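Below: one structure, written as structure tokens.
Note that the numbering runs from 1 along the sequence shown for the chain. It should be emphasised that the depicted structure is a prediction, and the values quoted were computed from it without experimental measurement. In listed order, ligands and their atoms are each counted from 1.
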Amino acid sequence: MRENVEPPSTEAAAFFDEMADKYDEIWELPWYAWLFARLHTLIFQNIIRPYAPQTVLDVGCGTGFQSFLYAAFRARVVGIDASPQMVRIAQEKAAQFPAERGRLLTIPALFPFIRPYNRWIQEHIDSGRPEEYFSPVFAVADARRLPFLDETFDHVNCCGSILSLVPEYPLVLAEIARVLKPGGTLFLEAEGRWNGDLLWTLADALAGGRQYGMPWEQARAMVRPSFSAPVTVDYPFEHASLRLTLFTRRGLWRDLQRVGLKVLRNWTIHSLTNVIPSPLLHRKDVPGGILWLFRVLAWAEKRIPLPLPGCSLAFVAQKASALDEGNSGKASQ
Ligand SMILES: C[S@@+](CC[C@H](N)C(=O)[O-])C[C@H]1O[C@@H](n2cnc3c(N)ncnc32)[C@H](O)[C@@H]1O
């Protein structure tokens, strides 16, 4: 890591500093339990299994959800985050790794649909001996100015809406592309603009915005042209000064291409489950009938291969390697 990089002080860092001690409880809410189970499974199937990256940078690592996942598959992981308190929690958890790796990655099974994920995690990570693992290293740093030399990492992870929280997100993408080795991969997740929940948001805004905390003017801005551009809204309810950028699949695809990252695969998450208004799923005491419907929708969402609009956009992208450049040179001759 480069020396003497000033720790960032951003609205987002202050926001996450405040919630750091309780952040891991979001795994107990059905909305996030499903989101993280789905993301982690996609990471395993599309990054860990085919590429087995040895060196991983987790940008906006928070308390380390994905850092521990990569480390549990024997990668050397560095996690950086703007929030000193989130980094403190991640470091406390790192002290329990690898002995507690199963527990660190198991999502509380309050919801039956999480059990297959937990079983899968146990099967895949219980096989190794503790001395085969490297504890992730966590540090405070700014995603807009990554303190690493060019071409340092095999893989970069950027999940949990980091891009949506940084208004200068093109800088973050450029930094990710810079620190990736040629041929290196990126797993990116960001907030989607077009999704079923938008209809509920608009209806709620018309009725006063009590459930989604979004005034009509902002809700309307989300459906204005241009349809492939990102829109920025106030973070609902909590910090008025914190802004959230919502991306479209096509727009983010273009942004990735612009920094030299080629999209290999992409998915949406909460594309069918958002038939249910999201505030109903952001709580622990979800009524049984709604939980049952959620379970059916989640099951269908995982199996329907259509790129439906969804609340989260996930991408696997790859930086061009010398081999690709050689091939494209040959092709154009
Ligand atoms: C929703 S959390 C996601 C954490 C983790 N990746 C996860 O999936 O649980 C978003 C994180 O982004 C971090 N963040 C926001 N702006 C950042 C920036 N400019 N540089 C680094 N981290 C940032 C926040 O501090 C917060 O921990």
- Query: Y51 and F73: ring-ring contact (aromatic ring centres under 6.0 Å, His included), yes or no, with the steps?
  - Reply: CA-CA 11 Å; Y51 296 101; F73 289 93; over 10 Å; no

Looking at [X], which atoms of ligand 1 are within less than 4.0 Å of one of its heavy atoms?
| X | result |
| --- | --- |
| M86 | 27 (O) |
| F65 | 9 (O) |
| I162 | 3 (C), 10 (C), 11 (C), 12 (O) |
| S83 | 25 (O) |
| Q66 | 6 (N), 7 (C), 8 (O) |
| L165 | 10 (C) |

- Item | Winner among A12, G60, G64, S161 once heavy atoms are compared against atom 15 (C) of ligand 1 | A12

- Note on the structure: Ranking G160, C61, A141 by closest non-hydrogen atom to atom 5 (C) of ligand 1, top hit is C61

Do [X] and [Y] have their ring centres less than 6.0 Å from each other?
| X | Y | value |
| --- | --- | --- |
| H124 | F44 | yes |
| F65 | Y23 | yes |
| F97 | F134 | no |

- Query: Relative to the ring of H40, is the ring of F36 parallel (under 30°), tilted (30 to 60°) or perpendicular (over 60°)?
  - Reply: perpendicular

- Cut-off 3.5 Å, side chains only: do R88 and Q85 have a donor facing an acceptor? yes

- Are side-chain N/O atoms of S312 and R38 paired as donor and acceptor at under 3.5 Å? no

Polar proximity ligand 1 side, [X] side, N/O cut 3.5 Å exclusive:
| X | result |
| --- | --- |
| A143 | yes |
| D58 | no |
| I80 | no |

- Please list, chain by chain and in numerical order, all residues satisfying ring pair (Phe, Tyr, Trp, His ring centres under 6.0 Å) with F187, sequence neighbours excluded. none

- Message: The criterion is salt bridge (charged side-chain N to carboxylate O under 4.0 Å, His left out); which residues satisfy it with D17, sequence neighbours excluded?
- Response: none

- Message: Can you tell me which portion of D142 lies within the under-4.0 Å heavy-atom range of ligand 1? Options are side chain, backbone, both, or neither.
- Response: both

- Item | Y23 contact mode with ligand 1 (heavy-atom cut-off under 4.0 Å) | side chain

